[in-house]
Amino acid sequence: MYSDVFSLTRILLLFTLLLGAATAAWAEDGYDLWLRYPPLEKDIRDQYRPQLQRLVIPKSEQSPTLKAIERELVRGVGGLLERRPVIEERISGDGFVLVATPQSSRDVRAQNFPLKALGEEGYLIRATTIRGHKGTVVTANSERGLLYGSFHLLRLLQTRSALEGVNIETRPQIGLRVLNHWDNLDRSVERGYAGQSIWDWWNLPDILDPRYTDYARANAAIGVNGTVLNNVNASADSLTPRYLAKAAALADVFRPYGIRVYLSARFSAPVEIGGLDTADPKSSAVQRWWNEKAEEIYRYIPDFGGFLVKANSEGQPGPQDYGRNHAEGANLLARALKPHGGVVMWRAFVYQQDNPEDRAKQAYSDFVPLDGQFDDNVIVQVKNGPIDFQPREPFHPMFGAMPKTPLMMEFQITKEYLGFASHLAYLGPMYEEVLRADTFAAGPGSTVAKVIDGSLHGHRLTGIAGVANIGSDRDWSGSTFNQANWYVFGRMAWDPRLSAEEVARDWLKITFSDNPVLLETGLDMMLASHQAVVDYMTPLGLAHLMATGHHYGPGPWVSDLARPEWNPAYYHRADKYGIGFDRTREGSNAVAQYAPAVAARFASRNDVGDGLLLWFHHLPWDHPMPSGRDLWQELVHRYDRGVASAQALQNQWRSLEPLIDPERFDKTARLLAVQAREAKWWRDASIAYFQSVSKRELPRGSAKPEHSLAYYQQLQFPWAPGH
Ligand code: BDP
């Protein structure tokens, strides 16, 4: 009797455990990002298993990077194939994966792989036969290359790609691939919508959250090799010993993963924490202060990457406070970092409150005359467009216009102007549009990608930055689909020629599965989503119509802010007669900042394309559009189209319910409902406003806004996040 009860209890216990295991395997909270290694489909597992039996990673010394590689491969292969590979020192049979440099393995050396062109970070993955045994080699010139190659091998499995005959050679096209965290020391995140900062500054360096390691793994998996830890609106405290020790602890965690730490530096730090009475670049005391500060930083962080600087922009201190220019400011810091190998990423996001010039022109006017005056360890960081991370902007005219200065790209991954964390907007197509834009700087084919990868003007120092969308939320980015924006940033930073579509396809497979219905619908959703947001927020080249400060929701009516260029009305210029910003020769002539071929296209109403029409042109409401509608009707049509797309996203997602785990399905469904609701709010409020100005009838079939204009105008959101 006793034993019966005992066994019954055991059976029950076993049952509960099994049930628990089943739900655990099914429960997905998004934490794993693209480091998800659940078992692949059985037939695929069976194909891979003979090819991935043994892992050979020769380790002559205790290298943290090699250890990280081994851990990841064991975890990844073990999870995906439900069978841990055997770890060997030397190849003993078929089905090996050999991860080694020519220095660490005689077998690799003997194969004479063509590694020269792969540089410090590139790698080669090749199916091969070694001493009669068949297997796969991952090799590179450095351990960092091996790391990236190993993650790529895992990606091949995650995307169910064949290992037979595999032959991949790749190196990053861009040198500095960095995330910019706009994170403050109190753990708030400027323009962050995914919780608090993941950097627990207060408890660092004593407490090292395991998240820091997972952050490094996730970034290494997509090739990100640098991180700026603190907000560009920086506190000088970040440069004090107390905080340097904290940054150093993070750098120690990231180092095995090939990630360097950078800090945003406040230009007036010599005054604020150095006790000097000036931060003038020409002062020898200031120069000495920065030199000593750099020495101190490198004592804490021997491989410190350098500084990111926002100067003379939106109230930040800078060299112009002392009558010096941006080059003089940048070079001051560059000279301090130079002996240690650090760089300065000097931002070109500048505009002046007392400058009546079109805001879209100001950065170019400030910087282009300084071409050739920056030290060789300065790279100028330029936002993708000339205003400010709007849903759609033309490429920044500085790209291609400063041949003697390395320029790096700054994209925003966090969606400050694209619906925060709640809207689905896959940014791949937007990045692609900018990277492929032709500057014509050295004739046709002078794409922005070629400017930033250094090939157009022969620069060795190259970079790309993404303003991170990472926070303490369990799923890191506030939604599953937001993770795709972090992912595509990394992948395109490695190779700007990748298409948004192929990256999205990989991401969907890794994040969900390779079910064909899921892939097709998922791709449709992702690829349509950016244009949907453009349509319901800022159609036809309009920009900066968001509410004041927090930028949550529409505010096209705002026209009373202190600085003209803070007002949406400054950008759309709508009145009874028409709408749009005339940037042709008759207007601000911003077009002249582009190469003649580009300028001519932008200046032409017919050739500019409707995506940027009102960015460059002020047109009458009855301007005829290619669709046969007039401009007013077209505008309303675009808003309607945007709302319809947002609703379509919701329906498409619903159709995928049987194919997605309940947790991620449900959260996404709820967010898509928010998006559909807010899209309608955007459309209704914008139309209510523009109609009050244009005095035109709504086109037939287009619904009246749900509320009065006054209703939309009085909405207040004092606690909106990220502000
Ligand atoms: C703007 C953001 C502001 C940033 C600024 C910048 O609203 O929070 O500080 O960009 O890039 O878009 O410096």
Side-chain angles (χ1 to χ4, degrees), residues 178-186 188-194 197 228-235 238 262-268 307-318 320 326 329-330 345-353 359-360 362-363 366-367 380-393 396 398 407-421 425 427 430 434 463-471 485 489 533 537-538 543-553 555 558 561-563 565-568 570-571 717 720-723:
V178 288
L179 289 179
N180 288 184
H181 287 266
W182 287 359
D183 294 17
N184 300 312
L185 300 181
D186 63 0
S188 62
V189 181
E190 184 154 337
R191 312 311 179 180
Y193 312 102
S197 169
V228 185
L229 299 175
N230 60 324
N231 192 354
V232 287
N233 296 317
S235 159
S238 294
Y262 300 74
L263 289 171
S264 293
R266 188 165 161 90
F267 197 79
S268 53
F307 293 134
L308 170 64
V309 188
K310 171 174 179 178
N312 291 121
S313 164
E314 300 185 328
Q316 294 299 311
Q320 292 174 342
H326 283 286
M345 301 177 288
W346 190 268
R347 295 177 89 224
F349 176 67
V350 297
Y351 58 98
Q352 293 294 340
Q353 123 182 57
R359 174 173 164 191
Q362 294 186 27
D366 250 14
F367 276 84
V380 174
Q381 181 166 313
V382 186
K383 287 189 182 182
N384 58 277
I387 302 273
D388 194 359
F389 296 141
Q390 294 305 294
R392 171 166 284 126
E393 296 194 30
H396 202 300
M398 281 175 65
L407 300 185
M408 68 188 279
M409 171 66 73
E410 179 175 321
F411 281 131
Q412 199 172 41
I413 307 173
T414 188
K415 304 203 307 301
E416 174 182 358
Y417 298 98
L418 290 107
F420 292 7
L427 300 179
M430 188 180 92
V434 176
I464 180 166
V467 180
N469 64 351
I470 297 164
N485 291 332
F489 167 76
V533 177
M537 287 189 184
T538 53
H544 226 299
L545 305 183
M546 293 77 194
T548 306
H550 49 63
H551 300 150
Y552 173 64
V558 175
L561 303 179
R563 292 167 64 152
E565 75 290 332
W566 280 354
N567 291 295
Y570 169 92
Y571 296 96
F717 303 96
H723 182 36

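Both ligands and their constituent atoms are indexed starting at 1 by order of listing.
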Using a strict cut-off of 4.0 Å, indicate which atoms of ligand 1 neighbour a heavy atom of [X].
X	answer
His551	7 (O)
Arg191	2 (C), 3 (C), 7 (O), 8 (O)
Tyr417	1 (C), 7 (O), 12 (O)
Phe349	5 (C), 6 (C), 10 (O), 11 (O), 13 (O)

| note | Distance col, row His551:NE2 vs Lys415:NZ, nearest 0.5 angstrom, shows 16.0 Å

| field | Sub-4.0 Å heavy-atom contact, Gln316 with ligand 1 | value | no

| request: For the pair Asp183 (side chain) and Ser197 (backbone), establish whether a donor and an acceptor sit closer than 3.5 Å, ignoring hydrogens and angles. | output: no

| Backbone N or O of Asp186 within a donor-acceptor pair of the Asn184 side chain at under 3.5 Å? | no

| message | What I want to check is whether the side chains of Tyr570 and Arg563 have a donor and an acceptor closer together than 3.5 Å. | response | no

| Taking atom types as modelled and ignoring hydrogens, do the side chains of Gln352 and Asp366 form a donor-acceptor contact shorter than 3.5 angstrom? | no

Top protein contact for [atom], by heavy-atom distance:
atom	value
atom 5 (C) of ligand 1	Glu314 OE1, 3.4 Å
atom 7 (O) of ligand 1	Glu416 OE2, 2.4 Å
atom 1 (C) of ligand 1	Asp388 OD2, 3.1 Å
atom 8 (O) of ligand 1	Glu190 OE2, 2.4 Å

| query | Partners of Asn233 by side-chain hydrogen bond (donor to acceptor under 3.5 Å, both in side chains), sequence neighbours excluded? | reply | Glu190, Lys310, Gln316

| request: Tell me, please, which residues at least two apart from Arg392 pass side-chain hydrogen bond (donor to acceptor under 3.5 Å, both in side chains). | output: Glu433, Gln531

| said: Parallel, tilted or perpendicular: which one describes the rings of His544 and Tyr571, with boundaries at 30° and 60°? | reply: parallel

| query | So Trp346 and Phe267, would you call those rings parallel, tilted or perpendicular, with 30° and 60° as cut-offs? | reply | perpendicular

| request: Only heavy atoms count here, so choose which of Lys383, Gln381, Met546, Arg347 is nearest to atom 10 (O) of ligand 1. | output: Lys383

| request: Considering only NZ, NE, NH1 and NH2 on the basic side and carboxylate oxygens on the acidic side, decide whether Glu416 and Arg191 come within less than 4.0 Å. | output: yes

With only distance considered, is [X] within less than 3.5 Å of ligand 1 through an N or O on each side?
X	result
Lys310	yes
Glu410	no
Trp182	no

| Residue part near ligand 1, for Asn233, under 4.0 Å between non-hydrogen atoms | side chain

| field | Gln412 contact mode with ligand 1 (heavy-atom cut-off under 4.0 Å) | value | neither

